[in-house]
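A, B, ... follow the sequence lines: proteins, then strands. Residue 1 opens every chain.
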Amino acid sequence: MSNTPDTLADTIVTRFPPSPTGYLHVGGARTALFNWLYARHTGGKMVLRIEDTDTARSTQASVDAIFEALEWLGIDWDDGPYYQTQRFDLYKAHIDQLVASGDAYFCTCTAEEIEAMRERAKASGDKPRYDGTCRERNLSPSTDAVVRFKAPLTGTTVVPDTVKGNIVFQNNELDDFIICRSDGTPTYNFVVVVDDITMGINTVIRGDDHVMNTPKQILLYNALGAALPTYAHVPMVLGNDRTRLSKRHGAMSVTAYRDMGFLPQAVLNYLVRLGWSHGDQEFFTVAELIEKFGLDSIGKSAGIFDADKLQALNGDHIQASAAADLVPHLLPFMAAEGYSAEAGPYLEAVIKTLKPRSKTLVEMAQAAHFYYNDPIVYEEKAAKKFLKAAALEPVQLLTEKLKASESFEEKALEQVFTAVMAETGLKLGKIAQPVRVALTGTTVSPGIFEVIAVLGRERVITRLTAALSYIAALPEG
RNA sequence: GGUCCCAUCGUCUAGUGGUUUAGGACGCCGGCCUCUCACGCCGGUAACGCGGGUUCGAACCCCGCUGGGAUCACCA
């Protein structure tokens with residue numbers, strides 16, 4: 001790993017810095033996606049950085065979960081993963097630098113004293129913040145001292161933001177925030193800046209819940225003598241109650257959507273459209289996104305996560321996918337449904353019949369069950385309505401003709417049905433429904449000719465014969 | 001409460017002063033297609049938060065209000 005900043009000034013370098021305190025949720029995934037798309041779009045690079053300085057809450061399981069989610073989404077990176085806990089020496093050096101330059105100082109105020117300060121400020125209607133007790137005391141390092149950044153008391157700090165324009169903060173709203181805890185570990189706002197500088201990050205795309213941190217970070221850039229990155233604070237993704245996404249909003253983890261039968265490209269497509277637009281276009285392939293994504297058409301207002309729309313989009317992506325490409329995604333869901341299938345022409349033919357009628361892979365796996373399920377178990381209502389005496393003659397006739405038919409192509413099958421209709425005088429519905437129940441166990445399935453063609457002669461004859469026996473065994477009446 | 005951000009159909013959005021009776025998508029409701037359910041197609045429902053300006057003309061520009069959100073740690 002290298003700490004050399006990228007020297008190619010016009011190469012875009014973005015980053016995705018998750019903190020491993022849980023799974024990757026949809027909001028985080030969108031942030032990763034925007035950074036990734038922008039890097040890919042510009043031919044730049046994306047850095048992955050694990051922000052694990054909160055050792056109490058960070059877990060390896062979370063790190064693994066994040067990798068797993070990113071991999072499923074197809075989001076990769078060019079540099080890293082870096083772990084902040086492995087960079088403490090670097091942070092320490094920068095803290096020393098700021099202390100030496102007079103931009104930071106040691107503070108020995110206790111938690112109680114700080115608390116009292118806040119109470120006093122609140123009582124007098126002021127902003128509760130550090131009052132600068134140790135600011136000019138020139139204290140030396142000691143075991144219980146923290147290091148505070150010496151923030152300017154007057155003036156303004158402006159955050160130049162690509163999405164929101166210039167955001168102006170009064171410096172007297174900021175206080176001397178802590179950059180190094182009494183246990184010697186650096187704090188978030190500090191490590192982010194040191195990392196972004198040393199990793200050569202020149203484009204920071206993140207949720208706008210970070211805008212309040214940005215002036216502090218800008219002050220740090222200034223003190224460290226580094227050039228500011230381009231900022232793009234993207235509006236947040238909210239739950240349907242319009243508040244920050246959290247546990248109570250139900251499924252939030254990216255992998256939960258994988259497990260519910262969503263395609264990664266559909267999730268990506270949905271997420272990118274939540275806050276970014278390209279005219280009226282709704283459907284995008286990943287390649288198209290890379291080609292078209294840009295910071296200029298990111299919206300300004302927060303968006304609400306809408307599972308219905310995701311599902312509709314998932315249906316579109318299923319429909320747009322080649323059957324062969326769906327195979328590896330579908331197989332695990334078939335296994336979960338309790339039956340096994342194997343990749344091959346049969347599965348692909350099955351998928352073709354199901355693509356237009358499936359919103360998720362779970363639905364598809366459920367709907368595909370009958371193609372593999374022998375013998376067919378009839379749904380009670382379906383059997384009662386269609387597998388009765390009246391169906392005996394046409395189904396018998398159809399079975400005979402099917403046995404004799406040379407071809408099992410849909411065209412030929414249609415002719416067979418036409419012949420049966422002519423001989424029995426029945427309409428197609430009267431014949432197709434009993435056959436559908438005989439072949440699938442239900443009244444709902446893909447087109448009857450499709451089903452017969454895909455199942456093939458052997459299965460069809462076996463199932464029709466079984467249905468005939470079933471009807472024959474029925475008690476009179 | 002302070003600070004900051006935001007404001008077009010229920011939701012995601014197009015729209016950057018006149019081409020707008022405000023378009024698309026999801027959802028919802030009808031209809032068509034039809035061997036079932038879907039798909040598809042056709043049609044419908046539904047929005048510029050309010051009040052002031054600026055302008056010959058405002059969804060688009062300015063101000064105020066209201067509403068919503070974010071954030072205020074020795075978390076990240």
Fill in: Thr214(A) (side chain) donor-acceptor with His210(A) (main chain) under 3.5 angstrom
yes

So which protein nitrogen or oxygen atoms get under 3.5 Å of nucleotides 39-42 of chain B's nitrogens or oxygens?
{"unit_1": "C39(B)", "atom_1": "O4'", "unit_2": "Pro356(A)", "atom_2": "O", "d": "3.4"}

Could you list all N or O pairs between the protein and nucleotides 44-46 of chain B that sit under 3.5 Å apart?
none

Practice prompt. Output all residues satisfying ring-ring contact (aromatic ring centres under 6.0 Å, His included) with Phe16(A), sequence neighbours left out; order by chain, then residue number.
Written response: none

Worksheet item: Quick one: is U13(B) close enough that its OP1 or OP2 comes under 4.0 Å of any side-chain N or O from Ser277(A)?
Response: no

Worksheet entry | Nearest-Å distance for atom pair CZ/P, residues Arg87(A) and A76(B) | 16 Å

Worksheet item: What integer distance in Å separates Asp175(A):CG from G2(B):P?
Response: 18 Å

Practice prompt. At under 4.0 Å between heavy atoms, which parts of nucleotides 67-72 of chain B does protein reach? Answer with one letter per nucleotide, 5' to 3': B base, S sugar-phosphate only, - none.
Written response: --SSSS

Item to complete: Pick the P atom in C6(B) and in C60(B), then give their distance to the nearest Å.
Response: 16 Å

Worksheet item: Within 45° of the axis and under 6.0 Å from the centre of the six-membered ring of Tyr130(A), does NZ or CZ of Arg148(A) qualify?
Response: yes

Worksheet item: Among C4(B), A76(B), C74(B), which is the nearest nucleotide to the side chain of Arg57(A)?
Response: A76(B)

Item to complete: Mind running a 4.0 Å heavy-atom check of residues 413-432 of chain A against RNA chain B and sending the residues that fall below it, in number order?
Response: Leu428(A), Gly429(A), Ala432(A)

Within the sub-3.5 Å range, which N or O atoms of nucleotides 18-25 of chain B have a protein N or O partner, and how far apart are they?
{"unit_1": "G23(B)", "atom_1": "N2", "unit_2": "Asp280(A)", "atom_2": "OD1", "d": "2.6"}
{"unit_1": "G24(B)", "atom_1": "N2", "unit_2": "Glu282(A)", "atom_2": "OE2", "d": "2.6"}
{"unit_1": "A25(B)", "atom_1": "O4'", "unit_2": "Glu282(A)", "atom_2": "OE2", "d": "3.3"}
{"unit_1": "A25(B)", "atom_1": "N3", "unit_2": "Lys309(A)", "atom_2": "NZ", "d": "2.7"}

